[in-house]
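Okay, structure first, notes after.
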Amino acid sequence: MADGALPAADALAEVLADVRRYLGWHRDVAGEELHASMDGALGALATTLAVEVTVEGSSTAPVVVGYAEVSTEATVEQAPPEAPPAPARVRTAAAPRTTAPSSARAQAPVAPVPPSEPAVARSVDEPPRLDEVRRELGDCTRCKLCSGRRNLVFGVGNPKARLVFVGEGPGAEEDNQGIPFVGAAGQLLTKMIAAMGYSRDEVYICNVVKCRPPGNRNPEPDEIQACQPFLEAQLNAIRPSVIIALGKFAAQTLLRTDTPITRLRGNWREYVGIPLMPTFHPAYLLRNPAEKKSAWIDLQAVMARFPKPGA
């Protein structure tokens with residue numbers, strides 16, 4: 001190329017001619033490599049040859065003073081591969097939904113804990129057991145007698161007895177031991193029971209009130225009223241064949257009457273369908289020995305109507 005300045009149009013034509021020769025050289029000398037790299041129109045990646053033209057002058061026509069070969073690496077940005085088409089969705093009939101109740105959703109079901117002991121099936125009409133009555137009575141504070149007692153005196157004997165003796169209330173010895181009829185009156189009662197052909201273990205003995213009245217005084221109405229449900233529960237649990245009411249308070253409480261014991265004794269009565277024989281209290285007999293004969297007549301009447309099995 002000439003050293004002098006060329007008109008712009010001629011210079012440009014000269015440049016283009018040189019470019020064509022340059023490309024032809026590449027075609028003839030390095031054709032295989034160039035064509036391999038320029039597969040297709042441009043290929044995935046090709047070397048682009050550019051010509052940098054330098055001109056001078058601003059007010060006059062530009063003059064080419066030189067050109068140089070510039071090699072830039074053009075990167076053809078490949079489009080991301082298309083995602084595979086989504087599989088066709090097959091519509092099927094929807095299964096019926098079962099919805100748990102709100103209470104079931106709010107709380108997960110809990111496996112039942114097996115009881116430590118098998119539950120005892122009991123009908124509505126089945127009476128309570130004596131131990132259940134005792135648990136219900138507990139450390140009773142239902143009346144003022146609880147403040148002065150030493151022991152609560154519940155009852156003693158056979159829980160399935162045919163014969164039940166009901167007295168008035170505990171005395172000093174009974175309060176000390178927690179067992180009914182163990183004092184002087186209790187010793188006489190034991191002899192009366194033996195005369196009928198029984199032992200204390202074969203019968204059941206209890207009182208109207210379960211705590212000792214101070215000074216062995218008579219039980220007061222509110223005290224009787226507090227204890228009466230438990231006496232009735234005891235009798236309901238035992239369900240004896242016959243009841244012997246010892247003294248005024250036992251007979252009047254069970255029969256719900258204020259008739260004096262002197263008129264009640266020796267005459268058959270009933271307590272909720274159970275035959276009941278009122279007689280004198282052993283403590284009264286100790287004070288009035290002459291009445292022992294009357295009491296023995298009452299006991300004989302019981303023995304005649306309810307003889308001991310196997311006697």
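Atom set for the values below is all heavy atoms of this structure, side chains included, hydrogens, waters and symmetry mates excluded.
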- Message: Return the CG to CZ distance between N158 and R162, rounded to the nearest 0.5 Å.
- Response: 11.0 Å
- Task: Drop me the distance from R265's CZ to T259's OG1, to the nearest 0.5 angstrom.
- Result: 14.5 Å
- Task: Check whether any side-chain heavy atom of L254 lies under 4.5 Å from a side-chain heavy atom of I243, and answer yes or no.
- Result: yes
- Do E291 and N288 come within less than 4.5 Å of each other through their side chains, counting heavy atoms only? yes
- Note on the structure: Correct closest heavy-atom pair for S241 and P275 would be O-CD, 3.3 Å
- Item | L137 side, atom CG; E132 side, atom CD - distance, nearest 0.5 Å | 14.0 Å
- Query: Side chain of N207, backbone of V209: donor and acceptor closer than 3.5 Å?
  - Reply: no
- Go through Q228 and V208 one step at a time and tell me if the side chain to side chain contact (heavy atoms under 4.5 Å, CB included) criterion holds. CA-CA 6 Å; Q228 185 172 349; V208 172; 5.9 Å; no
- Can you name the nearest heavy-atom pair linking A237 to L130, along with the distance? CB-N, 3.9 Å
- Are the side chains of N236 and V133 in touch, meaning some heavy atoms are under 4.5 Å apart? no
- Message: For a 4.5 angstrom cut-off between non-hydrogen side-chain atoms, does R134 reach R129?
- Response: no
- All heavy atoms of P170 vs all of C211, minimum pair found to be CD-O, 3.5 Å
- Message: Looking at every non-hydrogen atom in both residues, tell me the closest pair between G266 and D298 and how far apart they are.
- Response: CA-OD1, 3.1 Å
- Task: Would you mind reporting whether R142 and F230 have side-chain heavy atoms less than 4.5 Å apart?
- Result: yes
- Message: Please check: side-chain N/O of T253 versus main-chain N/O of A250, any donor-acceptor pairing under 3.5 Å?
- Response: no
- Nearest heavy-atom pair of A185 and P282: which atoms, and what distance? O-CB, 3.5 Å
- Mind running side chain to side chain contact (heavy atoms under 4.5 Å, CB included) on I193 and I205 for me, showing each step along the way? CA-CA 11 Å; I193 292 171; I205 306 169; 4.0 Å; yes
- Non-hydrogen side-chain atoms of L286 and Q187 separated by less than 4.5 Å: no
- Under the ring pair (Phe, Tyr, Trp, His ring centres under 6.0 Å) criterion, do F181 and H281 qualify, and how do the steps go? CA-CA 11 Å; F181 284 94; H281 193 283; 5.4 Å; yes
- Task: For R263, look at atom CZ and say whether over 12 heavy atoms of other residues, nucleotides or ligands are found less than 6.0 Å away.
- Result: no
- Salt bridge between D175 and R149, side-chain N to carboxylate O under 4.0 Å? no
- Message: Check R150 with E173, please: is the shortest side-chain N to carboxylate O separation under 4.0 Å?
- Response: no
- State whether a side-chain donor-acceptor pair under 3.5 Å links T190 with R200. yes
- Donor-acceptor contact below 3.5 Å, side chain Q234 vs main chain F154: yes
- salt bridge (charged side-chain N to carboxylate O under 4.0 Å, His left out) between K144 and E220, worked out: CA-CA 10 Å; K144 56 185 176 293; E220 297 177 355; 3.0 Å; yes
- Please walk me through it: do E168 and K210 pass salt bridge (charged side-chain N to carboxylate O under 4.0 Å, His left out)? CA-CA 9 Å; E168 176 181 310; K210 311 305 183 188; over 6 Å; no
- Item | side chain to side chain contact (heavy atoms under 4.5 Å, CB included) between V156 and Y204, intermediate numbers included | CA-CA 6 Å; V156 69; Y204 193 83; 5.7 Å; no
- Message: Would you say that more than 12 heavy atoms from the other residues, nucleotides or ligands in this model lie under 6.0 Å from the CZ of R217, or not?
- Response: yes
- Any side-chain heavy atom of L231 sitting closer than 4.5 Å to one from V166? yes
- Over all heavy atoms of both residues, which pair between Q252 and L264 is shortest? Give the atoms and the distance, please. CG-CD1, 4.4 Å
- Before giving the answer on side chain to side chain contact (heavy atoms under 4.5 Å, CB included), spell out for V242 and R305 the whole-Å C-alpha distance, their side-chain angles and the decisive distance to 0.1 Å. CA-CA 9 Å; V242 59; R305 184 171 176 178; over 6 Å; no
- May I ask whether F165 and F249 are part of the same hydrophobic cluster, defined by side-chain heavy atoms of I, L, V, M, F, W, Y residues being less than 4.5 angstrom apart, directly or through others? yes
- Message: Surrounding CD of Q225 (heavy atoms of other residues, nucleotides or ligands, distance under 6.0 Å), is the total greater than 12?
- Response: no
- Any side-chain heavy-atom pair of P213 and N218 under 4.5 Å: no
- Query: Distance from I244 atom CD1 to L276 atom CG, nearest 0.5 Å?
  - Reply: 9.0 Å
- When hydrophobic residues are tied together by side-chain contacts of less than 4.5 Å, even through go-betweens, does Y284 share a cluster with I297? no
- Message: Does this structure show an ion pair linking E174 with R212, if we count only N-O contacts that are shorter than 4.0 Å?
- Response: no
- In Å, rounded to the nearest 0.5 Å, how long is the span from CG of L246 to SG of C206? 9.5 Å
- To the nearest 0.5 Å, tell me how far N151 CG sits from I179 CD1. 9.5 Å
- Message: Going by side-chain contact (heavy atoms from CB on, under 4.5 Å), P240 matches just one of I274, L163, V203. Which one?
- Response: I274
- Message: Check this for me, if you would: do K308 and E202 make a salt bridge, where the nitrogen-to-carboxylate-oxygen distance has to be below 4.0 angstrom?
- Response: yes
